[in-house]
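These notes are about the structure you will find just below.
Atoms within each ligand, like the ligands themselves, are counted from 1 in listed order.
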Amino acid sequence: MAINTKIAGLHLDSYVINASGPCCTTLKELVDIAESESSAIVMKSCTILPRIGNPEPRYARLPYGSIQSMGLPNLGYREYVRFSSQLKRYKKPVIASIAGLSIDEYVSMVESFNKSDVDMIEVNLSCPNLEEKPIIGYDEIQAGRLLEIISLSAEKPIGIKLPPYYDIIQYKKMAEIIIKHNISFITCINSIPNTLVIDPDTDSPIIRPKNGLGGLCGGYIKPVALANVRTFYELLGNEISIFGVGGISSGRDAFEFLLAGADAVQVATQFEKEGTGCFERINSELGEIMHIKGYNSISQTKGNLNYKWTV
Ligand code: RRO
């Protein structure tokens with residue numbers, strides 16, 4: 001079964017890759033992804049300076065997902081520029097993820113990654129876990145300003161990682177910005193921000209930063225992620241590629257994102273739990289489902305949600 005796909009015109013050998021999130025911060029972790037069946041390598045969101053991130057405990061597995069407030073721990077963008085040249089030999093797309101603390105930081109990282117061996121740049125507009133910084137994807141004025149400047153300096157395909165939206169007005173404003181600034185792909189969704197999980201045995205929040213408020217991930221957020229993928233697919237059409245993220249732990253989940261309109265999916269929580277074997281498993285489960293249903297390719301299946309009640 002052909003499950004190869006394309007994102008922003010770039011070929012991916014299969015439908016499933018890692019998400020910028022767990023286990024993609026160090027060179028060792030990135031090489032593990034490179035050697036796995038993940039069809040691209042996404043690096044941890046980076047900042048200009050290295051960060052140790054938020055105090056622990058900051059990640060907790062939950063029955064149907066996870067909650068975390070990592071606080072952008074990363075080695076600083078210079079390391080990821082350097083890693084990109086070492087990862088090139090694996091012959092699969094390498095995707096940088098940037099999360100500036102100011103517009104200037106975003107721009108200087110784009111300029112550096114322009115000259116690097118990364119194939120695409122994912123601009124993270126949705127990190128929910130920094131006390132000092134609001135989620136830029138919820139401020140369309142700031143987001144528009146940032147993307148206008150970035151699109152002028154970018155020499156590689158630019159994508160944006162979005163927070164979950166709920167109201168159609170939010171979607172429409174963001175779709176307008178995406179089209180206006182020639183964004184090549186979107187990644188939706190980031191974790192659902194500022195959620196609280198309480199441990200009733202200790203009377204405490206399960207994670208420590210921000211008084212326990214953190215990003216909710218995994219199966220809990222799949223319906224929100226699917227709604228975001230579908231709504232953007234309807235607003236943006238086939239010209240702008242979509243990575244679906246949020247609750248993909250099986251081929252069935254991946255198939256749902258494919259029907260919703262995702263060109264490929266990224267896996268975070270399940271990857272943290274299962275390790276790199278998840279990519280091969282989810283890809284092969286997806287291929288099996290497509291075969292049973294008589295589909296031959298990703299492009300033939302993409303967006304094929306059956307609104308069976310329509311006359
Ligand atoms: O590092 C984090 O705390 C983090 C980031 Br950058 C992000 O984009 N999304 C998230 O849930 N956590």
Side-chain angles (χ1 to χ4, degrees), residues 17-26 29-30 42-62 64-77 79-80 95-102 105-106 109 113 121-139 142-143 146 158-165 174 185-197 205-222 224-225 228 243-248 266-273:
I17 70 171
N18 74 297
S20 180
C23 315
C24 58
T25 302
T26 64
E29 290 171 328
L30 293 164
V42 190
M43 302 193 283
K44 174 68 182 169
S45 291
C46 61
T47 45
I48 295 279
L49 297 176
R51 290 173 58 91
I52 54 168
N54 289 337
E56 295 184 344
R58 59 189 187 182
Y59 188 100
R61 290 182 187 168
L62 302 172
Y64 301 104
S66 60
I67 184 173
Q68 48 71 35
S69 179
M70 303 303 289
L72 209 32
N74 76 93
L75 305 175
Y77 80 101
E79 285 294 87
Y80 298 101
I95 306 177
S97 171
I98 59 171
L101 301 177
S102 67
E105 285 204 12
Y106 276 107
M109 287 192 279
F113 281 114
I121 303 172
E122 188 178 84
V123 178
N124 189 345
L125 301 183
S126 45
C127 175
N129 297 329
L130 303 181
E131 300 255 18
E132 69 268 32
K133 197 171 162 285
I135 296 172
I136 194 166
Y138 286 143
D139 179 342
Q142 285 278 62
L146 173 64
I158 292 286
I160 53 178
K161 185 158 182 182
L162 296 168
Y165 297 112
M174 193 45 71
F185 69 92
I186 63 169
T187 303
C188 44
I189 58 175
N190 210 318
S191 57
I192 294 187
N194 298 316
T195 63
L196 179 61
V197 176
I206 204 157
I207 56 170
R208 173 173 169 181
K210 285 180 74 178
N211 286 338
L213 299 191
L216 188 65
C217 307
Y220 301 104
I221 75 169
K222 190 177 78 172
V224 180
N228 275 257
F243 277 121
V245 205
I248 296 135
Q266 301 180 351
V267 181
T269 298
Q270 186 63 28
F271 171 35
E272 190 282 329
K273 189 169 150 194

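- Under the side-chain contact (heavy atoms from CB on, under 4.5 Å) criterion, Pro193 pairs with Pro128, Ile135, Tyr138, Pro164, sequence neighbours left out.
- Distances shorter than 4.0 angstrom do not occur between any heavy atom of Ala99 and any atom of ligand 1.
- Between the side chains of Gln68 and Asn129, at least one donor N or O sits under 3.5 Å from an acceptor N or O.
- Of all atoms in ligand 1, numbered sequentially from 1 with element shown, those under 4.0 Å from a heavy atom of Met70 are 1 (O), 2 (C), 3 (O).
- If you number the atoms of ligand 1 from 1 as listed, the ones under 4.0 Å from a heavy atom of Asn124 come out as 6 (Br), 7 (C), 8 (O).
- Residue contacts with ligand 1 for Lys161 are absent, since no atom lies close enough (heavy atoms, distance under 4.0 Å).
- Remark: the backbone N or O of Tyr165 is paired with a side-chain donor or acceptor of Asn228 at under 3.5 angstrom.
- Protein heavy atom closest to atom 9 (N) of ligand 1, with residue, atom name and distance, is Asn190 OD1, 2.7 Å.
- In this structure, a donor-acceptor pair under 3.5 Å is absent between the side chains of Ser45 and Asn74.
- Annotation for ligand 1: atoms under 4.0 Å from non-hydrogen atoms of Ser191 are 10 (C), 11 (O).
- Between Ser45 and ligand 1, a contact under 3.5 Å exists for no N or O pair.
- Considering every non-hydrogen atom in both Ile192 and Val224, the closest pair reads CD1-CG2, 3.8 Å.
- Checking side-chain atoms of Ser191 against main-chain N and O of Cys217 turns up no donor-acceptor pair under 3.5 Å.
- Side-chain contact, Lys210 with Asn54: no donor N or O sits under 3.5 Å from an acceptor N or O.
- Among all heavy-atom pairs drawn from Pro57 and Ile206, the shortest one is CG-O, 4.2 Å.
- Residue Cys217 does not touch ligand 1, judged by heavy-atom distances below 4.0 Å.
- Each of the atoms 2 (C), 3 (O), 4 (C), 10 (C), 11 (O), 12 (N) of ligand 1 lies under 4.0 Å from some heavy atom of Asn129.
- Looking only at protein heavy atoms, the nearest one to atom 5 (C) of ligand 1 is Cys127 SG, 3.5 Å.
- Side-chain atoms of Arg58 never come within 3.5 Å of backbone atoms of Pro209 as a donor-acceptor pair (strictly under, hydrogens ignored).
- Every atom of ligand 1 with a heavy atom of Leu72 under 4.0 Å away is listed here by number and element: 1 (O), 2 (C), 3 (O), 6 (Br).
- Numbered from 1 in the order shown, with element, the atoms of ligand 1 that lie under 4.0 Å from a heavy atom of Lys44 read 1 (O), 2 (C), 6 (Br).
- In terms of polar-atom proximity, defined here as any N/O pair under 3.5 Å, Gly71 does make such a contact with ligand 1.
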